[in-house]
Undergrad: 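Just passing along the structure, written as structure tokens.
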Amino acid sequence: MLGTFLIIAVIVCGYMQVTFWLLIPASIAAAFIGLHFPVGKADMAKSRGIYWKVLFSSLPIQGIFMSVLFGLGWGIKAVIS
């Protein structure tokens, strides 16, 4: 649920042409949300000792995903106006 809200918020921020620096905290939040869904996934990673490795290795792909969504919103605004 939080991931869906984050995706919508990033697209809306792109549409409103907010500064792209928003993508850094959005990427961190997306990585954190992705690591903790479904319930128990983070506990399993902690018990295997790979929690931080998984979190930091997912940051670049989450950053790319957030950038694409932000660009989608930006592009929609550019096409409409």
Side-chain angles (χ1 to χ4, degrees):
M1 182 67 102
L2 289 176
T4 304
F5 291 142
L6 181 63
I7 288 171
I8 293 169
V10 168
I11 293 171
V12 168
C13 287
Y15 181 79
M16 295 174 56
Q17 297 182 347
V18 176
T19 182
F20 69 92
W21 291 106
L22 169 84
L23 295 174
I24 295 171
S27 300
I28 294 169
F32 184 80
I33 291 169
L35 183 59
H36 287 83
F37 179 79
V39 177
K41 187 175 177 182
D43 293 331
M44 181 188 65
K46 284 179 189 176
S47 68
R48 293 182 180 178
I50 59 171
Y51 180 85
W52 293 107
K53 181 181 177 183
V54 171
L55 181 67
F56 288 127
S57 65
S58 67
L59 280 173
I61 193 71
Q62 293 294 343
I64 292 169
F65 182 58
M66 291 294 121
S67 299
V68 168
L69 293 175
F70 188 82
L72 177 70
W74 192 282
I76 291 171
K77 176 74 171 200
V79 168
I80 290 175
S81 50

Undergrad: What do the steps show when you test F37 against L2 for side-chain contact (heavy atoms from CB on, under 4.5 Å), and what is the final call?
TA: CA-CA 10 Å; F37 179 79; L2 289 176; over 6 Å; no

Undergrad: Indicate every side-chain donor-acceptor pair of residues 64-81 with a distance under 3.5 Å to a residue at least two apart or in another chain.
TA:
from, atom 1, to, atom 2, distance (Å)
S67, OG, G63, O, 2.8
S81, OG, K77, O, 2.7

Undergrad: Taking atom CZ of F32 as the centre, does the number of heavy atoms from other residues, nucleotides or ligands within less than 6.0 Å exceed 12?
TA: no

Undergrad: I50 and V39: same hydrophobic cluster, using ILVMFWY side-chain contacts below 4.5 Å?
TA: no

Undergrad: Starting at OG of S57, measure out to CG of L55 and round the result to the nearest 0.5 Å.
TA: 8.0 Å

Undergrad: Rounded to the nearest 0.5 Å, how far does CE of M1 lie from CG of L6?
TA: 14.0 Å

Undergrad: Identify the heavy atoms of A31 and L59 that sit nearest to each other, and give their distance.
TA: CB-CD2, 3.6 Å

Undergrad: From I8 CD1 over to Y15 OH, what is the distance, rounded to the nearest 0.5 angstrom?
TA: 15.5 Å

Undergrad: Quick one: closest heavy-atom pair of Q62 and A30, and the distance?
TA: OE1-CB, 3.3 Å

Undergrad: For the hydrophobic clusters of this structure (ILVMFWY residues joined by side-chain heavy atoms under 4.5 Å, transitively), does one cluster hold both I33 and I61?
TA: no

Undergrad: Tell me whether the count of non-hydrogen atoms from other residues, nucleotides or ligands lying under 6.0 Å of CE in M44 goes above 12.
TA: yes

Undergrad: What's the shortest heavy-atom distance between L22 and C13, and which atoms?
TA: CD2-CB, 3.4 Å

Undergrad: Please find the pair of heavy atoms, one from G34 and one from K41, that lie closest to each other, and give the distance.
TA: O-NZ, 3.3 Å

